[in-house]
Peer 1: 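Got a structure here, written out as structure tokens. Questions coming.
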Protein chains: 2
Amino acid sequence: MTEDARDEVDRLVAAWRAERPDLDVEPLQVLSRVSRLAKHLDRARRAAFAEHDLEPWEFDVLTALRRAGRPYELSPGTLLRATLVTSGTMTNRIDRLAQAGLVRRRPDPEDRRGVLVSLTETGLARVDAAFSDLLRREHNLLSGLGPDDQRLLAALLRTLLAPFDAS
Amino acid sequence: MTEDARDEVDRLVAAWRAERPDLDVEPLQVLSRVSRLAKHLDRARRAAFAEHDLEPWEFDVLTALRRAGRPYELSPGTLLRATLVTSGTMTNRIDRLAQAGLVRRRPDPEDRRGVLVSLTETGLARVDAAFSDLLRREHNLLSGLGPDDQRLLAALLRTLLAPFDAS
DNA sequence: GTGTACTGTCTTGACATCGAGATATCTCTC
DNA sequence: GAGAGATATCTCGATGTCAAGACAGTACAC
């Protein structure tokens with residue numbers, strides 16, 4: 001390990017080794033970095049969305065609808081599974097997005113328990129603008145890695161995710 | 001790309017390509033996986049800590065103190081920088097940890113604005129137990145990758161984190 | 001058809017976080 | 001040594017989330 005490539009996690013691992021030499025703290029080298037990187041990504045995303053007057057949670061819901069393709073319409077249940085939040089949270093989110101004029105709610109004609117949520121014109125335009133902006137920023141974040149390294153990294157991460165996606 | 005190695009993110013990327021063929025969505029292959037993996041890790045950690053009657057936020061604070069070494073004492077300011085939360089949050093956390101008997105607060109003898117927070121015996125025992133349990137679980141999560149792949153993954157992540165740690 | 005279990009959505013109350021600002025103290029410059 | 005700015009911590013109000021449960025409607029076995 002070269003001395004000039006130390007980051008916060010290297011320091012954290014060194015501290016643990018000094019305090020708990022009995023434990024194998026190697027897993028932190030990978031998993032702490034994943035958590036920390038995710039935290040930084042959240043902040044970067046927040047900044048990107050702010051320029052489009054969107055909160056991250058708004059973006060989450062809008063992109064799920066956008067990705068679904070025309071007519072950009074999904075049920076709350078589908079949305080909460082796509083975004084990994086609870087039903088109470090999703091109800092609240094849809095309420096506020098509807099209030100903001102970004103989505104619309106209508107009764108499901110095929111299931112009277114159900115509701116269908118769809119993007120408005122405004123919502124569609126807003127999410128498209130925010131998404132391409134986000135991609136531009138993410139492209140920059142990855143500029144430290146060449147295309148081959150990016151593919152390699154993606155493949156390694158996919159291996160780690162496999163057990164979770166299975167469930 | 002082999003057909004049998006698709007995960008949620010591959011599906012997500014495929015959906016975007018269909019809807020927005022004009023955009024380069026490759027960055028998602030890496031960064032979406034980082035975010036998703038972090039979310040799953042949070043859940044796994046929560047489960048691990050529950051067996052030791054600790055919340056993730058409690059663990060965060062206690063490990064920072066534990067890592068500092070004897071006498072396991074740091075200022076709130078140092079703690080909030082280590083855990084990436086705001087000062088209001090840290091005050092609240094310390095209040096509750098003190099109430100639970102896991103940490104102790106005392107005035108800093110060298111700076112009358114300051115406070116020093118230290119682990120109690122109970123806090124030390126609790127965090128040590130939870131930490132070795134966590135490492136055992138994280139070791140399992142990484143069992144899909146050989147030692148070389150783990151080192152490779154750690155190195156690639158370090159490269160991505162570098163710009164953030166610099167700031 | 002009737003009853004039972006399941007599903008989809010919403011309501012409610014508790015809670016951890018954040019952001020902005022208040023207060024007290026320290027530090028540095030002149 | 002006085003004043004300006006920086007630093008350390010805490011307070012307060014707003015907010016987004018979750019967990020548990022309520023309620024309406026559906027599906028399936030018999």
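Chain identifiers are assigned alphabetically (A, B, ...) following the order of the sequence lines, protein sequences preceding nucleic acid strands; residue numbering begins at 1 within each chain.
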Peer 1: Between C/dA16, C/dG19, C/dC10, spot the one nearest the side chain of A/Val115, thanks.
Peer 2: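 Looking only at heavy atoms from C-beta outward on A/Val115, the closest nucleotide is C/dC10.
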Peer 1: Quick one: do B/Arg20 and A/Asp128 make a salt bridge, cutoff under 4.0 Å?
Peer 2: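 Looking at A/Asp128 together with B/Arg20, the answer is yes, because their closest N to O distance falls below 4.0 Å.
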Peer 1: Go through DNA chain D in 5' to 3' direction and return only the first and the last nucleotide with some atom under 4.0 Å of chain B's heavy atoms.
Peer 2: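 Listed 5' to 3', the contact boundaries are D/dT7 to D/dT11.
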Peer 1: For B/Arg45, is there an ion pair with B/Asp60 - N to carboxylate O distance below 4.0 angstrom?
Peer 2: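 Result for this pair is yes, salt bridge flagged.
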Peer 1: Using whole Å, what does the distance between atom P of nucleotide C/dT9 and atom CZ of A/Arg105 come to?
Peer 2: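 Taking atom P of C/dT9 as the reference, CZ of A/Arg105 is at 10 Å.
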Peer 1: To the nearest Å, how far apart are A/Glu110 CD and C/dT7 C1'?
Peer 2: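 Taking atom C1' of C/dT7 as the reference, CD of A/Glu110 is at 16 Å.
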Peer 1: How many Å lie between CG on B/Asp42 and P on C/dA16, as a whole number?
Peer 2: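 Rounded to the whole Å, the gap is 16 Å.
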Peer 1: Taking CD from B/Gln99 and P from C/dA16, how many angstroms apart are they, rounded to a whole number?
Peer 2: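 The distance from CD of B/Gln99 to P of C/dA16 comes to 12 Å, rounded to the nearest Å.
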Peer 1: Roughly how far apart are B/Ser143 OG and B/Glu138 CD, rounded to 0.5 Å?
Peer 2: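 Going from the OG atom of B/Ser143 to the CD atom of B/Glu138 covers 12.5 Å.
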Peer 1: Within the pair B/Thr89 and C/dC18, is there a side-chain N or O less than 4.0 Å away from OP1 or OP2?
Peer 2: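 So the side chain of B/Thr89 is within the cut-off, an N or O lying under 4.0 Å from OP1 or OP2 of C/dC18.
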Peer 1: Once you round it to whole Å, what is the distance between C1' of C/dG8 and CG of A/Leu79?
Peer 2: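 It is 13 Å, rounded to the nearest whole Å.
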Peer 1: Let me know the distance between CE of A/Met90 and C1' of C/dT11, rounded to the nearest Å.
Peer 2: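 So the two atoms are 16 Å apart, to the nearest Å.
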Peer 1: On a plain distance test, is the side chain of A/Arg113 in donor-acceptor contact with the base of C/dT7 below 3.5 Å?
Peer 2: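 Indeed, a donor on one side and an acceptor on the other fall under 3.5 Å apart.
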Peer 1: Considering only NZ, NE, NH1 and NH2 on the basic side and carboxylate oxygens on the acidic side, decide whether A/Arg93 and A/Glu55 come within less than 4.0 Å.
Peer 2: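 No, no charged N to carboxylate O under 4.0 Å.
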Peer 1: Using C1' atoms of five pairs at each end, report the bend of the helix from C/dG1-D/dC30 to C/dC30-D/dG1 rounded to 10 degrees.
Peer 2: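 The helix from C/dG1-D/dC30 to C/dC30-D/dG1 shows an end-to-end axis angle of 30°.
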Peer 1: Closer to the 5' end of DNA chain C via nearest nucleotide, is it B/Ser87 or B/Asn92?
Peer 2: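 Final value for this comparison: B/Asn92.
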Peer 1: Starting at atom CZ of A/Arg112, determine the distance to atom P of C/dC10, rounded to an integer number of angstrom.
Peer 2: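 These atoms are roughly 17 Å apart.
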Peer 1: Does C/dA16 have its OP1 or OP2 closer than 4.0 Å to a side-chain nitrogen or oxygen of B/Arg46?
Peer 2: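 Checking B/Arg46 against C/dA16: no side-chain N or O falls below 4.0 Å of OP1 or OP2.
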